[in-house]
There are 2 protein chains.
Amino acid sequence: MTKRDSQGRALTDYPRPSVAVDTAVLTVPPGGQLSVIAVTGDGDLRLPGTFLHEGETLADAVARSLAEKAGITGILPVQLHVFDGLDRDDRGWVLSVAHLAPVRMSRLAADARTTPLPVAALPPMPFDHNEILELAVAELRARYAEHPDPFGLLPEPTFTIRELHELHEAVAGHPLPRDTFRRLMEPQLEPTGSLARGTVGKPAREFRRLVA
Amino acid sequence: MTKRDSQGRALTDYPRPSVAVDTAVLTVPPGGQLSVIAVTGDGDLRLPGTFLHEGETLADAVARSLAEKAGITGILPVQLHVFDGLDRDDRGWVLSVAHLAPVRMSRLAADARTTPLPVAALPPMPFDHNEILELAVAELRARYAEHPDPFGLLPEPTFTIRELHELHEAVAGHPLPRDTFRRLMEPQLEPTGSLARGTVGKPAREFRRLVA
DNA sequence: CCAAAAGTGTTTTCGATACACCCATGG
DNA sequence: CCATGGGTGTATCGAAAACACTTTTGG
């Protein structure tokens with residue numbers, strides 16, 4: 001039941017590009033800097049990626065490549081841009097759909113095939129991978145500017161405003177005013193009623209994410 | 001010189017999707033509303049699109065489809081999103097890369113194969129075309145919120161602040177305060193020194209776009 | 001009591017808005 | 001001189017920032 005187009009030709013009569021996905025997996029180690037997962041391929045560092053398989057969506061392909069190459073599951077990929085340079089890949093005609101996939105640090109601990117590297121001072125990568133990383137960081141910063149934790153990077157099930165504050169500073173890459181930050185975020189959080197324990201100073205209230 | 005991958009298979013050994021581009025061409029008739037160009041296909045209205053050909057970038061394909069289907073040249077397409085639903089096209093496995101392509105009304109006058117329709121109250125279209133239109137309008141609004149005329153929708157070579165104001169109100173879809181708008185935009189415009197003539201009231205100064 | 005961190009009240013600043021007014025032209 | 005639209009001074013409002021202060025715990 002092959003359908004024909006207006007010139008009487010089937011879709012498969014035309015040459016088609018290979019379609020790849022490349023993903024900037026961003027994470028923030030507790031007390032650390034914004035970091036990205038890089039894999040080794042052909043001798044240099046690059047972002048994890050794969051070719052799109054038949055019967056698969058782009059998000060499926062991103063999930064598969066991260067499960068295979070880094071043992072990461074349960075991610076929420078966001079499309080960034082299609083790179084379509086005709087000679088960007090010497091293996092042939094390849095479109096690459098860049099993605100952002102933020103992931104909580106605790107999901108990474110078990111499998112150490114890959115190490116997160118701070119995005120500041122990252123070496124040059126092949127293809128468009130440095131450009132993809134820049135887009136990914138910009139997108140992450142934009143999404144975290146207004147909301148507490150749109151990608152679930154915080155520890156579950158509860159967290160303090162200090163933890164949220166440190167996460168936001170790592171994402172933004174610069175200090176954020178303490179009191180203004182609290183006043184912006186607190187209305188968007190659900191207090192659990194419990195307090196953090198075992199710390200110096202006044203115990204912080206613990207919160208839950210309000211919007212999933 | 002076919003390259004082999006890590007499993008010793010060439011790129012063309014894998015099934016590949018067809019890749020299409022679909023474009024929301026947005027325009028604003030003088031004194032009119034934000035409008036989109038729709039073409040007729042299979043009995044209903046849809047956005048112009050085509051399949052990506054070999055040796056062609058996405059922007060090339062957008063330009064070709066608009067030249068062929070609507071006689072429009074010299075556009076500046078912006079990527080919006082890749083639609084990758086597995087059953088979105090019953091002709092087979094098709095990815096569609098949605099684009100926005102704003103165009104000045106005066107570029108359309110000559111060829112009337114297509115008519116711009118106001119985006120408010122547009123009929124349902126097949127595929128994801130209504131969704132593409134929504135993305136396109138949102139993107140256009142975001143880009144016009146801060147800058148005078150990022151896509152060159154204004155008459156060349158000069159325009160008045162009133163014309164700019166009316167364009168922005170059409171794009172935004174709601175009235176914008178007159179004095180605040182002027183104060184925001186004027187520093188970003190280059191005065192030509194000449195004045196608009198043949199109108200009632202004080203003649204307006206004419207401006208040129210500052211950033212291309 | 002002291003250090004450290006949580007949490008809050010208050011002032012300042014800055015930009016956007018609203019509103020009023022003045023200016024320049026055609027009829 | 002009046003209607004019309006261009007252009008500008010100024011008060012007001014609100015959000016964000018800065019700063020200082022109070023509160024609550026562990027040691």
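The sequence lines fix the lettering, A, B, ..., with proteins before strands; numbering per chain opens at 1.
Close placement of the B:His81 and B:Phe83 rings is indicated, their centers lying within 6.0 Å of each other.
Whole-Å rounding puts the B:His165 NE2 to D:dG7 P distance at 13 Å. Per the geometry, CD belonging to A:Glu186 stands 11 Å off C1' belonging to C:dA6, to the nearest Å. Between B:Met185 atom CE and C:dG15 atom C1' the separation is 15 Å, expressed in whole Å. At whole-Å resolution of the value, CG in A:Leu195 and C1' in C:dG7 are 12 Å apart. Between the CZ atom of A:Arg205 and the C1' atom of D:dT25 there is a distance of 15 Å, given to the nearest Å. With rounding to whole Å, B:Arg182 atom CZ is found 17 Å from C:dA16 atom C1'. As rounded to whole Å, 14 Å separates atom C1' of C:dG7 from atom CG of A:Leu189.
Residue pairs meeting the ring pair (Phe, Tyr, Trp, His ring centres under 6.0 Å) criterion with at least one partner in residues 148-167 of chain B, sequence neighbours excluded, are B:His165-B:Phe181. Sorted by first and then second residue, the pairs that involve residues 170-187 of chain B and meet side chain to side chain donor-acceptor pair (under 3.5 Å), not counting sequence neighbours, are B:Glu186-B:Arg205. Pairs engaging residues 160-172 of chain A under the salt bridge (Lys or Arg N to Asp or Glu O under 4.0 Å) rule: A:Arg162-A:Glu166 [sequence neighbours left out]. For residues 124-138 of chain B, every residue pair satisfying the salt bridge (Lys or Arg N to Asp or Glu O under 4.0 Å) rule, not counting sequence neighbours, is listed here: B:Arg88-B:Asp128. Note on residues 187-206 of chain B: no pairs pass ring pair (Phe, Tyr, Trp, His ring centres under 6.0 Å), not counting sequence neighbours. For residues 114-127 of chain B, no residue pair satisfies the salt bridge (Lys or Arg N to Asp or Glu O under 4.0 Å) rule, not counting sequence neighbours.
Against DNA chain C, the stretch residues 153-163 of chain B makes no heavy-atom approach under 4.0 Å.
Salt bridge status for B:Glu156 with B:Arg104: present, with a side-chain N to carboxylate O gap under 4.0 Å.
For B:Leu76, the side chain to side chain contact (heavy atoms under 4.5 Å, CB included) criterion is met by no residue, not counting sequence neighbours. Legend: residues meeting side chain to side chain contact (heavy atoms under 4.5 Å, CB included) with A:Ala59, ordered by chain and number and at least two apart, are A:Thr57, A:Pro77. The salt bridge (charged side-chain N to carboxylate O under 4.0 Å, His left out) test applied to B:Arg143 returns B:Glu139, not counting sequence neighbours.
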How would nucleotides 16-23 of chain D be written as a contact map, 5' to 3', with B for base contact, S for sugar-phosphate-only contact and - for no contact, using protein heavy atoms under 4.0 Å?
SBBB---B
Check: protein-nucleotides 1-3 of chain C nitrogen or oxygen pairs below 3.5 Å:
none

